[in-house]
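Report on the structure given below.
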Amino acid sequence: MYAVLDIVYNQLCSLIQLQFFRVMWYYNTGDPARSPVIQASIRRPSMSEDIGRRCGNRPLGITVSEVTFKRKKDPEVFQTVSDGLKKLYKTKLLPLEEQYKFHEFHSPALEDADFDNKPMVLLVGQYSTGKTSFIRYLLEQDFPGMRIGPEPTTDSFIAVMHGDTEGVIPGNALVVDPKKPFRKLNSFGNAFLNRFVCAQLPNPVLESISVIDTPGILSGEKQRISRGYDFAAVLEWFAERVDRIILLFDAHKLDISDEFSEVIKALKNHEDKIRVVLNKADQIETQQLMRVYGALMWSLGKIVNTPEVIRVYIGSFWSHPLLIPDNRKLFEAEEQDLFKDIQSLPRNAALRKLNDLIKRARLAKVHAYIISSLKKEMPSVFGKEGKKKELINSLGEIYSRIEREHQISPGDFPNLKKMQEQLNAHDLNKFQPLKMKLLDTVDGMLAHDIASLMVLVRQEETNRPQPVVKGGAFDGTLNGPFGHGYGEGAGEGIDEAEWVVTRDKPMYDEIFYTLSPVNGKVTGANAKKEMVKSKLPNTVLGKIWKLADIDKDGMLDDEEFALANHLIKVKLEGHELPADLPGHLIPPSKRKIPAE
């Protein structure tokens with residue numbers, strides 16, 4: 001009898017263990033959306049219970065208690081944004097890309113160097129627009145392989161990067177270096193690699209950014225000469241990975257060739273990275289410059305299909321004297337705006353990489369739906385070629401169906417014509433069916449993990465010092481009398497011993513004494529009547545009052561009133577007001593009053 005009970009007892013234990021393993025297997029491999037909640041706990045009988053059972057005193061003891069297996073996981077925790085992006089890509093997005101041949105249709109797989117590299121600036125333009133001179137102007141130093149001339153001198157892609165010693169790395173050696181973000185360029189072949197080099201040199205500007213110089217885009221008969229590689233495809237590869245794309249135009253050559261038009265169209269979906277520079281603008285008169293600017297905006301509007309107007313910077317980016325200095329102040333202001341934009345790149349690099357990963361994930365999801373839909377429609381035995389042609393021709397209808405079924409924006413779909421051309425070279429029967437688990441993983445990444453990374457991005461941006469791009473042309477106008485706006489506006493009179501307001505104080509005094517001052521001061525109400533005549537908004541006048549009322553008594557004496565009118569004049573001339581009153585604007589009689 002005891003032998004029979006032992007057999008039954010062991011079989012029950014084995015059965016319970018088997019069920020437990022089945023549950024765990026389903027938990028780890030099943031659909032997370034239907035992950036079960038298991039409430040089962042097995043307690044084997046203690047020795048006393050076992051003896052009692054054998055003696056017939058107690059039945060077989062199996063108790064049930066609540067143990068819950070939860071499928072939901074907390075978001076990933078990362079130390080840096082770069083590490084987080086690498087881990088999310090490798091563990092959650094890359095499997096989806098590999099499953100549906102994403103890399104054969106859109107973009108090669110990302111590597112660690114793509115997440116670790118410094119911000120890159122890509123210069124694009126027709127020959128002799130000043131691309132290489134622009135780099136020379138930023139660095140204030142020649143770089144290896146540099147050639148400048150009116151003819152098409154730069155016939156190679158040159159990655160200008162920081163290095164301890166000057167030197168040139170050939171393309172074939174560059175694409176096997178795991179520390180450089182160029183390994184996937186190997187797919188463009190020797191015709192391209194023979195025209196690709198990396199120029200390294202010790203330069204403070206390159207400690208924060210890298211610059212990519214490109215061959216001049218050809219025009220006329222020259223554009224019919226084959227380069228031996230897909231020039232537009234190479235630029236599109238760089239556009240996906242750089243932080244800023246600068247299109248340079250010569251003020252004397254605004255014609256957009258067929259090759260240039262093709263290049264600009266290849267930069268579609270990267271409009272947020274594009275800036276336009278109208279270079280060599282010092283060589284034409286002001287009236288002509290306005291016409292050239294209008295013609296450039298008209299030409300760009302026909303090619304760049306965006307509702308926003310692309311930012312155009314006007315200037316002359318080289319170290320030669322200005323031929324026509326009439327617009328010197330305009331060029332200086334435009335140059336400072338462009339420099340600020342470039343200096344912001346390291347600060348925003350992590351956010352840019354995060355944004356690019358999100359765009360890549362959305363495209364990968366759409367691609368998976370397209371590939372799986374084609375696979376689903378393909379016959380298993382007969383009529384494969386005919387069905388393939390039919391599906392490719394009706395790809396637009398498949399796009400529309402996927403858009404309706406999965407609520408996807410039309411802007412997330414790849415180019416229809418290009419996709420049709422690529423599908424012709426593939427066997428649709430070898431495509432994979434839809435696997436919801438891979439898509440759910442990517443959805444989870446976008447919904448939860450990206451949100452946790454955003455917090456880390458803001459922390460890194462806050463901790464990064466400003467400005468982060470130093471050296472070269474960026475330091476040339478930071479301090480001293482040649483700084484932008486030095487001695488102008490609120491800075492007027494900064495080097496003068498006499499108080500600058502003294503020049504116009506007699507005129508301001510005449511107005512002051514018409515406002516019925518009491519004990520040498522006018523009230524706020526009386527001062528307001530005069531100040532509002534400037535027609536400046538109350539918010540601006542309020543700031544001027546705060547700056548001029550130095551002793552903070554709510555009234556203005558003759559010096560404070562003169563100062564208020566001087567600041568009004570500064571604002572009316574188009575200058576910005578200072579956040580704090582500069583020392584040279586404080587009236588001489590009040591320079592001992594401590595600032596509040």
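Ionic pairing of Arg311 and Asp337 is present here: one or more N-O contacts between side-chain nitrogen and carboxylate oxygen are shorter than 4.0 angstrom. Ion pairing of Asp243 with Lys118 is absent here, as no side-chain N (NZ or NE/NH1/NH2) approaches a carboxylate O to less than 4.0 Å. Remark: Glu97 engages Arg360 in a salt bridge, criterion side-chain N to carboxylate O under 4.0 Å. At a threshold of 4.0 Å, the pair Lys418-Glu236 counts as salt-bridged, since one of the basic side-chain nitrogens sits closer than that to a carboxylate oxygen. Taking the charged nitrogens against the carboxylate oxygens, Asp356 and Lys273 do have a contact shorter than 4.0 Å, which makes a salt bridge.
A donor and an acceptor atom, one from each side chain of Thr129 and Asn279, are nowhere located under 3.5 Å apart. A donor-acceptor pair shorter than 3.5 Å cannot be found between the side chains of His270 and Glu240.
With hydrogens and angles disregarded, a donor-acceptor distance shorter than 3.5 Å links the side chain of Tyr100 to the backbone of Pro433. Checking side-chain atoms of Ser208 against main-chain N and O of Pro204 turns up no donor-acceptor pair under 3.5 Å. Of the possible polar contacts, one joining the Gln343 side chain to the Val469 backbone as a donor-acceptor pair under 3.5 Å is found. The closest donor-acceptor contact from the side chain of Lys131 to the backbone of Leu248 lies at 3.5 Å or more, if one exists at all. A distance-only check finds no donor-acceptor pair linking the side chain of Arg352 to the backbone of Pro346 [under 3.5 Å]. At distances below 3.5 Å, at least one donor-acceptor pair connects side-chain atoms of Glu334 with backbone N or O atoms of Ile314. A donor-acceptor pair is defined here as one N or O able to donate and one able to accept, closer than 3.5 Å; such a pair exists between the side chain of Asn429 and the backbone of Pro379. Of the possible donor and acceptor atoms, one in the side chain of Gln420 sits under 3.5 Å from a partner among the backbone N and O of Ile392. For the pair Arg362 (side chain) and Ile358 (backbone), a donor-acceptor distance under 3.5 Å is absent.
Aromatic ring pairs are classed by plane angle as parallel below 30°, tilted from 30° to 60° and perpendicular above 60°; the pair Phe231 and Phe157 is tilted. Between His367 and Phe102, the ring planes are perpendicular. Angles over 60° get that label, and only those under 30° would be called parallel.
The salt bridge (Lys or Arg N to Asp or Glu O under 4.0 Å) pairs that include a residue from residues 286-300 number zero, where partners must be two or more places apart or lie in different chains. Within the structure, side chain to side chain donor-acceptor pair (under 3.5 Å) contacts touching residues 383-396 (residues at least two apart or in different chains) do not occur.
With a 6.0 Å radius and a threshold of 12 heavy atoms from other residues, nucleotides or ligands, Lys435 has its NZ atom at or below the threshold. Within a 6.0 Å sphere centred on NZ of Lys359, other residues, nucleotides and ligands contribute more than 12 heavy atoms.
The two atoms that bring Phe413 and Tyr399 nearest to each other are CZ-O, 3.5 Å, heavy atoms only.
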Carefully, step by step, assess Asn203 and Phe143 under the rule side chain to side chain contact (heavy atoms under 4.5 Å, CB included).
CA-CA 10 Å; Asn203 186 283; Phe143 57 88; over 6 Å; no
Please assess Asp412 against Ser409 for the test side-chain hydrogen bond (donor to acceptor under 3.5 Å, both in side chains), listing each intermediate value before the final yes or no.
CA-CA 6 Å; Asp412 289 345; Ser409 171; 4.9 Å; no
Check step by step if salt bridge (Lys or Arg N to Asp or Glu O under 4.0 Å) holds for Asp142 and Arg136.
CA-CA 6 Å; Asp142 292 345; Arg136 173 66 178 78; 2.5 Å; yes
Checking ring-ring contact (aromatic ring centres under 6.0 Å, His included) for the pair Phe249/Phe260: CA distance, chi angles, key distance, verdict?
CA-CA 11 Å; Phe249 290 86; Phe260 200 6; 5.3 Å; yes
Full working for ring-ring contact (aromatic ring centres under 6.0 Å, His included) between Phe134 and Phe317
CA-CA 6 Å; Phe134 183 87; Phe317 295 91; 5.4 Å; yes
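Val121 is listed as a side-chain neighbour of Leu123, based on a closest heavy-atom distance under 4.5 Å. Between Leu138 and Phe339 the shortest side-chain heavy-atom distance falls below 4.5 Å.
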Compile the donor-acceptor pairs under 3.5 Å between side chains in residues 176-186 and protein atoms, sequence neighbours left out, one pair per line.
{"from": "Asp177", "atom 1": "OD1", "to": "Lys179", "atom 2": "N", "distance (Å)": "3.0"}
{"from": "Arg183", "atom 1": "NE", "to": "Glu111", "atom 2": "OE1", "distance (Å)": "2.8"}
{"from": "Arg183", "atom 1": "NE", "to": "Glu111", "atom 2": "OE2", "distance (Å)": "3.2"}

